[in-house]
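The structure appears right after this line, and notes come after that.
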Amino acid sequence: MDPNGTLFFPGQSSTVASEVDALFYFVLYLSIFFFILVTGGSFFFAWKYRKKGEAQFTPGIAHHTGLEVFWTVVPTILVFIIFVWGFKTYLTMNVPPSNPMEIKVTGQKWFWTFNYEEGATTTNELVVPVNQPVNLLMSSTDVIHSFFIPNFRVKMDVLPNRYSTLWFEATETGEFDLFCTEYCGKGHSDMIGKVKVVTEEDYQTWLTSNSSGSDLPPDEWGAELYTSKACFTCHTLDGNPSVGPTFKGIFGREEKMTNGNSITVDENYLRKSILEPQAEIVEGFQPVMPTYQGVLKDDEIDALIAYLKTVK
């Protein structure tokens with residue numbers, strides 16, 4: 001549990017979080033008050049007018065004007081307060097400030113890809129500077145996903161064949177959870193990530209280093225990409241099949257395809273499987289892998305292949 005949070009929410013880490021929480025608690029406490037008032041009154045009158053002996057009948061009661069005005073006017077005022085407050089919060093959450101930083105978000109089974117205007121690409125890790133409005137332009141390549149950052153109190157559906165947007169401004173540095181909250185298939189529970197909020201100086205440093213490849217040997221860089229690009233969500237290294245075939249001993253292995261052909265896994269097959277995953281499907285598996293076209297650069301694909309050669 002977040003030590004800075006409450007029973008209902010984690011800590012507040014964006015400019016809209018406090019406003020969302022305030023409205024939630026207003027509705028919550030108001031609901032508790034009227035729940036106690038209504039149920040308490042029901043029990044009280046049930047006890048007060050319980051049968052005490054011989055049948056007794058109350059005199060005919062028409063109405064009570066003052067009481068009727070009260071229970072009409074007061075709830076109406078409360079509903080208007082909630083509506084105006086909620087609409088104001090809705091506008092705050094959906095109208096970004098002028099000139100925010102924009103990041104392209106792509107949801108697909110079962111990971112998030114983030115493309116930055118400066119050329120960097122990350123998977124399952126969104127890196128943003130603190131105290132800077134960030135606008136996310138989001139779409140899906142397959143099914144409906146939902147982008148949710150609990151600490152920022154922001155959530156928006158991510159849809160195929162159309163764009164949705166979401167903006168936030170982080171108020172403190174740190175790492176925060178990122179979830180998909182729309183059930184999107186077998187790997188839905190693995191579709192999680194992190195939002196890393198850093199200082200402006202650290203962000204520029206990170207942006208520079210992530211836009212220019214890596215200095216690591218190809219196989220070591222490929223090992224990093226296996227994790228950072230979320231390959232592990234579908235391909236294990238221990239020999240057990242998952243959503244896709246295991247990577248253990250994959251290079252040079254003979255695989256039987258769903259079309260009846262057999263192939264020996266080599267560099268060309270691996271590259272084709274990454275960029276055109278539906279072209280040839282290994283027998284026993286579903287054609288659910290998304291393409292990494294536009295997600296991985298050529299040198300990253302080379303590094304991944306170099307790494308897969310080492311997985312024995």
Side-chain angles (χ1 to χ4, degrees), residues 4 9-27 80-108 112-141 144-182 193-212 294-295:
N4 298 319
F9 296 114
Q12 300 172 344
S13 304
S14 75
T15 53
V16 300
S18 60
E19 190 170 347
V20 173
D21 289 4
L23 178 57
F24 170 83
Y25 284 114
F26 178 75
V27 174
F80 269 98
I81 290 175
I82 294 172
F83 170 76
V84 173
W85 193 346
F87 187 65
K88 178 177 176 294
T89 303
Y90 172 84
L91 291 179
T92 301
M93 297 177 69
N94 286 274
V95 180
S98 59
N99 300 320
M101 186 176 81
E102 186 164 288
I103 299 174
K104 175 73 172 59
V105 180
T106 304
Q108 54 196 113
W112 301 101
T113 301
F114 304 100
N115 296 98
Y116 300 75
E117 292 178 329
E118 294 79 2
T121 300
T122 59
T123 302
N124 285 344
E125 184 180 72
L126 174 61
V127 182
V128 297
V130 69
N131 298 324
Q132 166 71 44
V134 177
N135 190 52
L136 303 181
L137 181 63
M138 307 187 294
S139 64
S140 168
T141 61
I144 299 175
H145 302 281
S146 187
F147 189 91
F148 178 43
I149 309 172
N151 283 81
F152 296 174
R153 311 291 193 269
V154 293
K155 185 167 84 73
M156 181 59 70
D157 285 350
V158 181
L159 311 171
N161 302 319
R162 62 176 294 186
Y163 292 112
S164 57
T165 60
L166 177 152
W167 85 274
F168 63 82
E169 181 177 337
T171 55
E172 60 180 332
T173 59
E175 289 192 357
F176 306 97
D177 293 323
L178 161 64
F179 298 108
C180 173
T181 55
E182 185 82 33
K194 290 287 183 183
V195 180
K196 189 175 181 180
V197 182
V198 297
T199 63
E200 177 64 29
E201 182 181 11
D202 289 343
Y203 177 73
Q204 293 301 331
T205 302
W206 173 88
L207 206 56
T208 301
S209 62
N210 282 272
S211 300
S212 57
V295 177

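Atom OH of Y163 has 12 or fewer heavy atoms from other residues, nucleotides or ligands within 6.0 Å. Dense packing is recorded around OH of Y25, with more than 12 heavy atoms of other residues, nucleotides or ligands lying under 6.0 Å away.
With N115 contributing its side chain and T121 its backbone, the two residues share no donor-acceptor pair below 3.5 Å. Without hydrogens or angle criteria, N124 side chain to W112 main chain gives a donor-acceptor distance under 3.5 Å. With S164 contributing its side chain and D157 its backbone, the two residues share a donor-acceptor pair below 3.5 Å. For S146 (side chain) and E182 (main-chain N/O), no donor-acceptor pair under 3.5 Å exists by modelled atom type.
The nearest pair of heavy atoms linking N135 to T165 is OD1-CB, 4.2 Å. In plain terms, the two heavy atoms of A17 and Q12 that are nearest each other are CB-CB, 3.7 Å. Closest of all the heavy-atom pairs between N99 and Q132 is O-NE2, 4.5 Å. Between V197 and F176 the shortest heavy-atom distance is CG2-CE1, 3.6 Å. The shortest non-hydrogen separation linking R162 to S139 is O-CB, 3.6 Å. Across all their heavy atoms, S14 and F152 have their closest contact at OG-O, 2.9 Å.
To the nearest 0.5 Å, atoms OG1 (T173) and CG (N131) are separated by 9.5 Å. With values rounded to the nearest 0.5 angstrom, M138 atom CE is found 5.0 Å from L166 atom CG. Going from atom CD of Q108 over to atom NE2 of H145 covers 7.5 Å, rounded to the nearest 0.5 Å. Note that the CZ atom of R153 and the OG1 atom of T15 stand 12.0 Å from one another [nearest 0.5 Å].
Contact annotation: the side chain of N151 never approaches that of F168 to less than 4.5 Å [non-hydrogen atoms, C-beta and beyond]. Taking 4.5 Å as the limit, some side-chain heavy atom of I81 sits within range of a side-chain heavy atom of F26. Taking 4.5 Å as the limit, some side-chain heavy atom of L126 sits within range of a side-chain heavy atom of Y116. Using a 4.5 Å heavy-atom threshold, the side chains of M156 and V154 count as separate. Looking only at side-chain heavy atoms (C-beta outward), T122 and W206 come within less than 4.5 Å of each other. For the pair Y203/V130, no side-chain contact is recorded, criterion being any heavy-atom separation below 4.5 Å from C-beta on. Side-chain contact check for Q204 versus P129: every heavy-atom pair is 4.5 Å or farther apart. Contact annotation: the side chain of V16 never approaches that of T89 to less than 4.5 Å [non-hydrogen atoms, C-beta and beyond].
Relative ring orientation between F147 and F114 is described as perpendicular, the plane-to-plane angle rising above 60° on a 0-90° scale split at 30° and 60°.
For residues 198-210, no pair satisfies salt bridge (charged side-chain N to carboxylate O under 4.0 Å, His left out), with sequence neighbours left out. The list of salt bridge (charged side-chain N to carboxylate O under 4.0 Å, His left out) pairs with a residue in residues 167-181, not counting sequence neighbours, reads D177-K194.
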In sequence, state the C-alpha distance, the side-chain angles, and the governing distance for K88 and E19, and then conclude on salt bridge (Lys or Arg N to Asp or Glu O under 4.0 Å).
-> CA-CA 10 Å; K88 178 177 176 294; E19 190 170 347; 3.4 Å; yes
From CA spacing to verdict: side-chain contact (heavy atoms from CB on, under 4.5 Å), F9, V20 | CA-CA 11 Å; F9 296 114; V20 173; 5.5 Å; no
